[in-house]
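Step one of this worksheet: look at the structure below.
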Amino acid sequence: MAVRTLSHVDVYAGYPEKKVTLYMLMLGFFALLLGTFFGPLQALNYGGIDAYPLLKPLVQSYYQGLTLHGVLNAIIFTQLFAQALLVYLPARELRMRPNMTLAWISWWMAFIGLGIAAIPLLGNAATVLYTFYPPLKGHWAFYVGAAIFVLSSYVSIYLVLDLWRRWKRANPGKITPLVTYLSLTHWLMWFLASLGLVVEVAVFLIPWSLGLIEGVDPLLSRTLFWYTGHPIVYFWLLPAYVVAYTILPKVAGGKLISDPLARLAFLLFLLFSVPVGFHHQFADPGISSGWKFFHTVLTLMVAVPSLMTAFTLAASLENAGRARGGKGLLGWIRALPWGNPVFLGPTLGLISFIPGGAGGFVNASFPLNQVIHNTTWIVGHFHLQVATMVTMSAMGAAFFLIPHLTRKPLVGIGYARASQWLWFIGMNLMGFALHWMGYLGVPRRAHISEVASQYQGAAPFMALNAISGVILFVAAGFFFYVIFATALQNRRLPEAQTPEIPFTEVVSGPEGNRVAQLTDRVGFWFAVAVILIVVAYGLPLIQMFTSLNPVPGMRLW
Amino acid sequence: MQDNHKVVEAYERGWLIFGLAMILVFIVIISYTVLNRGETISRGAGQIDVATVRTTSPFANPRVEQVGGEYVAYVQAFAFGYLPAEIKVKKGVKVTFYITSPDVQHGFYVEGTNINPQIIPGEVTKLEYVFKKAGTYRIVCNEYCGISHAQMFGKIVVEE
């Protein structure tokens, strides 16, 4: 392999969007590095071991560490990965350049917002967890920084809309290419979904934390938070689905079975992602059972595009395994490229998504939710969905994206492989332990090591949880070694050997397909999504806004 | 490849029909449970001025009352405990709980039951339950409420 050292100027000449994408991606993985550091500490806490006294005076309490873990991993990392991947991939697919000034503005907004929010987070002045439920009141800099960070995603929305509009103008009457279509629906969904959070923070929490208003309504705040708080998980998930649909089949050695079905799945996410938030509020007073039931039905409908995805991807992988010479009922599984870390990440993530999704049905089932509401069951659920499926897809993507963007070859492929297997094993053990503990009634978000003797009945699962935390610590160490050693090395491949983005081919394309043509009427479907939201949220929100019951803030940590 | 594709399409249709049927069955079961077993589901019993919770509201005197043949309990969930500190009822008798908070959000998870509402300041939560077994039930706060959240417990004593 010919390797030589080149200056930075050469690498990005002709592709300035590569540099901003790399900065987005690495800022996201840096946040994940910090946030993940606290993960094993949470796991040990639930095993009855309190490691937090060792971190004083840097970190004051378990709850401060938990806030950092949640905010950095679930809000910062996920958004930055979406901003990196789903602006860059459509630009590459369309062979067009996004507006570079705005692209850098979005990076700087994310960076500055993160910096502002980091000060109170690190100073224990905003230990309000990542849900920041009022009337617990954080320092204003936390809300202001978070707002600037989230608003940077609006620039990404505009960048992709602008790419799409320019392409449509140059190609009248043609169907939007697949990756661009999936990215576009993802960003439009996020625009609708983010409005709740934006209103909560900009209209209520920032003025309140600055002392301009006396109190805020906790129920309305919860409702606005969860208006965004459930679809935000699809905002995290869909970039992983883009990897699974448009990259994974090629990496596996095959083709995507159906292009129109991929479009249909994403369209259903655009329609059904947002009007489901009450399923996080089944236990709340002040929302009638009728509305909660309505959101239950809509939530179950969101399972449909994931069921479709499970089928399409499994069929595509079987197709790949057989194309590689796999025979018999299950022989195709052995034939898949299990040695390739780019394949391992998203595939092992998808496997974990099956038990995770099954648990999701329990959470969404209104009366059944009472059994597991606010227990570690919920934590187990989202560690299988977000910390496994979403994060492993991002890890798999990093293994090809960083070499593609920088022309630096991947360092330590053995460590990359081991990191994926260990992450998969660790997260599934943890998911199992947390689900079982939750079923036994162990509360989530609690400094359990203070009172571990109170939960003897769950002791074996709590020990298992602590062990899985240690496994994940090793997995994270391997992963971060690989990506930072890759990104920070001096070797670069010559330009002719730039690794390409492995975009997949499709078995059945969109040309002449009725479904594909219908899904391409993006403006119409966006309007349908708005109507569904108004139906599902209009009346309850009007009622809450017209009977505000403000409550003063408190700092109890 | 073309033939294979037709087979895949047929399987896919079958899978989607299976998925939709499964969801339909779930919706039927959920509807039945909500309508017939919904008494522990948290319901709103109106708003309350948090400033009055500890002074003039019905919660200022946290208690269990006997009304007719049933119990009515007025409970405060506060940082970091519950009032009354011990809720005493008899088994087999319906208890109607009214719960609110004078400060921040809390949980009121009664171990071994389906009682698990969110307690939100400014809102009164109402739910009903019949304890079928005598014994001591622990109440656990399962919503983060501050530094001593993990130590926030309460107690319900159900007598024969």
Side-chain angles (χ1 to χ4, degrees), chain A residues 61 63 66 129 131 133-136 217-219 222 257-258 261 281-289 292-293 296-297 300-301 303-304 307-308 310-312 315 361 365-368 370-371 373-375 441 443-448 450-451 454 507-508 547 549-552 554-557, chain B residues 1 4-5 8-9 11-12 15-16 18-20 23 26-27 29-31 33-34 37-38 40-45 47-51 79-80 99 103-105 107 109 111-112 114-126 138 140-151 153:
Chain A
S61 73
Y63 298 106
L66 182 57
L129 308 189
T131 44
Y133 290 144
L136 285 174
D217 185 318
L219 178 64
R222 276 176 72 82
I257 290 290
S258 168
L261 275 174
Q281 298 179 276
F282 285 151
D284 287 21
I287 298 167
S288 78
S289 292
K292 290 173 182 172
F293 180 78
T296 302
V297 173
L300 293 175
M301 296 313 290
V304 173
L307 291 171
M308 287 169 58
F311 182 92
T312 308
F361 274 109
S365 300
F366 177 14
L368 205 49
Q370 297 177 105
V371 181
H373 172 66
N374 273 349
T375 68
R444 69 188 285 196
R445 306 173 145 186
H447 192 188
I448 284 287
E450 285 180 336
V451 288
Q454 299 284 339
V507 175
S508 117
S547 60
N549 187 11
V551 168
M554 276 181 208
R555 177 179 166 159
L556 297 177
W557 63 88
Chain B
M1 196 68 223
N4 174 286
H5 188 231
V8 172
E9 273 185 359
Y11 278 130
E12 170 138 43
W15 168 249
L16 284 181
F18 165 77
L20 287 169
I23 287 170
F26 288 170
I27 290 173
I29 296 172
I30 291 166
S31 314
T33 323
V34 171
R37 289 289 176 80
T40 53
I41 291 170
S42 169
R43 275 157 290 160
Q47 294 179 326
I48 186 168
D49 179 357
V50 281
F80 300 97
I99 316 164
D103 41 51
V104 297
Q105 298 187 32
Y109 171 62
E111 286 180 339
N114 280 352
I115 302 174
N116 194 1
Q118 188 83 17
I119 311 304
I120 301 176
E123 305 284 330
V124 177
T125 295
K126 178 188 176 185
R138 185 165 63 168
V140 178
C141 176
N142 60 13
E143 183 57 80
Y144 169 63
C145 55
I147 196 72
S148 296
H149 159 54
Q151 298 170 31
F153 294 111

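Every chain is numbered from 1, with letters handed out A, B, ... down the list of sequences.
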Which heavy atom of [X] sits nearest a heavy atom of [Y], and at what distance?
X	Y	result
A:Ala283	B:Ser42	O-OG, 2.9 Å
A:Leu556	B:Phe80	O-CZ, 4.1 Å
B:Ala150	A:Ala446	CB-CB, 4.1 Å
A:Phe361	B:Ile23	CE2-CG1, 4.2 Å
A:Gln370	B:Asn116	O-ND2, 3.0 Å

Chain B heavy atoms under 4.5 Å from [X]: which part of the residue, side chain, backbone, both or neither?
X	result
A:Gln281	neither
A:Ser365	both
A:Tyr63	side chain
A:Arg555	neither
A:Leu368	neither

Give, as side chain, backbone, both or neither, the part of [X] having an atom under 4.5 angstrom from any heavy atom of chain A.
X	answer
B:Arg37	neither
B:Ile29	neither
B:Tyr109	side chain

Side chain [X], main chain [Y], donor-acceptor under 3.5 Å:
X	Y	value
B:Arg138	A:Gln454	yes
A:Asn374	B:Asn142	yes
A:Asp284	B:Gln118	no
B:Gln47	A:Ser547	yes

request  = Evaluate side-chain hydrogen bond (donor to acceptor under 3.5 Å, both in side chains) for B:Gln151 paired with A:Glu450, printing each intermediate quantity in order.
outcome  = CA-CA 8 Å; B:Gln151 298 170 31; A:Glu450 285 180 336; 2.9 Å; yes
key: B:Glu12 side, atom CD; A:Leu261 side, atom CG - distance, nearest 0.5 Å   = 4.5 Å
